Amino acid sequence: MLEEVSNRPRPSQAAGALNKPPGRKIHSGESKTLDDAAAIRDCRRGESSAFRYLVERYQNQAMAHAMAILQNRSDAEDALQDALLDAYRALNRFDEQRSFYPWFYTILRNRCLKLAARRSGQTASSEAVEILAGAAADLENTQILGQALKRLPPESREILVLRHLDGLTYQELAERLGIPVGTVMSRLFYARKQLQTNLGGKR
Amino acid sequence: MRCEEFRLAAMALAEGETPSVPEPAIQAHLAVCEACRRETEQLRETGLMWQGQLRIDYEVDLWPKIQDRLRGRERYWLALLIVLLAVFKLTDLVPDGSLSLGERFVPVLLTAAIFAVLRQNPFQIETKLV
C-alpha cells in the first residue's frame, strides 16, 4: 500500500525556530524544465500522447497532495483524474512563463475541495489514510501527529502539509493557494492552533 | 496593535519569514505580554513535532485511465460529427431540396471538424521516418 516515502532530507532545525521546513531541493517536480515546456507545446498541437509525460511525471506528487486534502485513496484518485483532464483541456490557457505543477495544483485543489465538500463527514478519521512517515525512533510522535492531522478541516491540513512536508515559503504558499501572504500567515496560525487543540493532552 | 498581530509576526519571525512588525517591537511585546509568550511557546512546541516527518508518496499509474477518457471524448465528438454529416447527406436526397451556397459548405465544415477531432491534417505530408 505504502510504496514510497519521499526521500526528503531530515529538516535541519535552527535553534529557536518554530519549525523550519525541510530543504527545497527535493521538489524536483516543481521546477520548470524544457521537457515540460516541450510536452505542453506538443499537447497544444493536439498530441494527447505528449500529455503522458506530464501525467507520469507529476502523478505521485499530485496524489500525495490530493490524499492530504481528501484522506481517501479512491476519492483522491478520482479527483486527480478529473483534474488531469481539466488541465489537458485548459492547456491552451497555460502561461508558459509559469511552472506547470503550481498551475496544475490549483486545478487539483479545486477538484479536491469540491469533492471534500460533497463527502464532508463521510470519512471517519480512523479510516483516513496515513500521510506521514517518521523515523522508527519517532514512530509514536508520527502517529500522534497523524491522528491530529486527520481531524483537521481539509484546508487546514493542506496548508500544514504544504508548509511542513513540502517546505513551501509563505510567498510560495500565497501563490499556490491564490491568497495574500497575510492570509497565509493567519491561515497557518489558526491551522496550527487547531492542530494544537487536537493534540491536547496527547503529548 | 492587537496581540493577534504580534502572534502572527512572532510566528513569521520564528520561521525565518519577514514579519509584518519589526523584530524589536515583537520582542518588546513578548517581554510584557504573558499570554502571547505562552502562545508562541506552545506553537513552537507543536512545530517541533514536524521535525523529521516525511510525506508518504502513494504510487499510482493513471495514464491508462486518462488515455481512455481522452479517447472516449474524441470518440464521442467523432460519432456526433459523423451522424450530423450523414443526416445532412440524407437531406440532400430530398427532391427539390436545392441548397443555398452556405448550406453547401456544411459538409466541408463537418469534414474539417472530423479531421480536427482526429488531430489529422489531410494536407500534411509525413516527412518523419517511421
Side-chain angles (χ1 to χ4, degrees), chain A residues 1-6 8 10-11 13-14 16-21 46-49 51-52 55-56 59-61 63-64 67-68 73 76-77 80-81 84-85 88 129-135 138 141-142 144-145 160-161 164-166 169-170 182 185-186 188-189 192-193 195-196 199 203, chain B residues 2-21 27 30 36 38-75 77 115-121 124:
Chain A
M1 184 81 160
L2 315 180
E3 285 97 6
E4 190 187 319
V5 170
S6 49
R8 196 179 315 279
R10 283 180 79 89
Q13 188 132 4
L18 193 75
N19 187 12
K20 197 103 172 146
E47 289 176 33
S48 57
S49 59
F51 195 53
R52 179 179 190 162
V55 171
E56 288 179 347
Q59 61 187 358
N60 290 350
Q61 183 184 4
M63 186 68 180
M67 298 264 262
R73 188 171 179 135
E77 213 173 298
L80 180 52
Q81 273 189 49
L84 284 165
L85 287 168
Y88 181 75
V129 289
E130 301 298 334
I131 51 174
L132 287 180
D138 243 5
N141 186 33
T142 303
I144 292 170
L145 187 59
L160 288 172
V161 164
H164 291 287
L165 301 182
D166 287 72
T169 63
Y170 287 5
M185 282 166 67
S186 61
L188 203 49
F189 182 81
R192 282 171 174 157
K193 291 272 289 172
L195 184 68
Q196 203 177 311
L199 285 166
R203 294 155 53 209
Chain B
R2 294 178 306 147
C3 280
E4 188 188 309
E5 288 173 59
F6 281 109
R7 290 174 191 179
L8 292 183
M11 178 188 77
L13 184 67
E15 291 192 295
E17 297 277 349
T18 313
S20 52
V21 179
Q27 302 298 1
L30 290 180
C36 283
R38 201 174 45 240
E39 177 108 18
T40 306
E41 178 57 24
Q42 281 174 348
L43 281 180
R44 193 191 68 81
E45 281 175 16
T46 308
L48 287 174
M49 291 190 80
W50 288 94
Q51 203 173 3
Q53 301 299 331
L54 307 170
R55 186 186 67 210
I56 296 173
D57 278 351
Y58 289 79
E59 225 165 72
V60 281
D61 180 16
L62 293 180
W63 177 244
K65 289 174 186 166
I66 296 291
Q67 193 178 30
D68 272 359
R69 288 179 69 176
L70 287 174
R71 282 184 184 158
R73 203 165 60 102
E74 281 176 13
R75 278 196 292 267
W77 283 108
F115 278 114
V117 168
L118 287 171
R119 318 248 186 234
Q120 297 289 328
N121 179 354
Q124 182 181 315

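Here is how names work: the chains are called A, B, and so on, in the same order as the sequence lines, proteins then strands, and each is numbered from 1. Hydrogens, waters and symmetry mates play no part in the numbers below; they use all other heavy atoms, side chains included. Bear in mind the structure is a predicted one, so any value in this text is a computation, not a measurement.
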Report task. Compare every heavy atom of A/A64 with every heavy atom of B/D57, then report the nearest pair and how far apart it is. Result -> OD1-CB, 3.4 Å
Report task. For residues B/T46 and A/L195, determine if any side-chain heavy atom of one lies less than 4.5 Å from a side-chain heavy atom of the other. Result -> yes
Query - Side-chain touch A/Q59/B/D61, heavy atoms, less than 4.5 angstrom - result: yes
Report task. Please report the C-alpha distance between B/E17 and A/T169 in whole Å, then the side-chain angles of each, then the deciding distance to 0.1 Å, and finally whether the side chain to side chain donor-acceptor pair (under 3.5 Å) criterion is met. Result -> CA-CA 8 Å; B/E17 297 277 349; A/T169 63; 4.8 Å; no
Report task. Measure the shortest side-chain to side-chain distance between A/Q196 and B/E45 over non-hydrogen atoms and say whether it is less than 4.5 angstrom. Result -> no
**Report entry** Structural part of B/E4 lying under 4.5 Å from a heavy atom of chain A
**Finding:** side chain
**Report entry** Interchain contact, A/L132 with chain B, by part (heavy-atom threshold 4.5 Å)
**Finding:** both
Query raised in the report: Is there side-chain contact between A/T142 and B/Q53, with at least one heavy-atom pair below 4.5 Å?
Result: yes
Query raised in the report: How about B/L43 and A/F189: do any of their side-chain heavy atoms sit closer than 4.5 Å?
Result: yes
Query raised in the report: Between B/E15 and A/R192, is the closest basic N to carboxylate O distance under 4.0 Å?
Result: yes
Query raised in the report: To the nearest 0.5 Å, what is the distance between CH2 (B/W63) and CD (A/E56)?
Result: 8.0 Å
Query raised in the report: Between B/L54 and A/L165, is a side chain to side chain contact (heavy atoms under 4.5 Å, CB included) present by the stated rule, with each step listed?
Result: CA-CA 6 Å; B/L54 307 170; A/L165 301 182; 5.9 Å; no
**Report entry** Part of B/R7 within contact of chain A (heavy atom distance under 4.5 Å)
**Finding:** both
Requested in this report: Check each atom of A/M185 against the heavy atoms of chain B and say whether the ones under 4.5 Å are side chain, backbone, both or neither.
Outcome: both
Query raised in the report: Does B/V60 offer a backbone N or O that forms a donor-acceptor pair with the side chain of A/N60 under 3.5 Å?
Result: yes
**Report entry** Rounded distance [0.5 Å steps], CE in B/M49 versus CG in A/N141
**Finding:** 4.0 Å
Query raised in the report: Can you check side chain to side chain contact (heavy atoms under 4.5 Å, CB included) on B/Q42 and A/K193, steps first, answer last?
Result: CA-CA 9 Å; B/Q42 281 174 348; A/K193 291 272 289 172; 5.8 Å; no
Report task. Would you mind reporting whether A/L84 and B/I66 have side-chain heavy atoms less than 4.5 Å apart? Result -> yes
**Report entry** A/Q81 side chain to B/K65 backbone, donor-acceptor under 3.5 Å
**Finding:** no
Query raised in the report: Side-chain contact, heavy-atom cut-off 4.5 Å: B/L62 with A/L80?
Result: yes
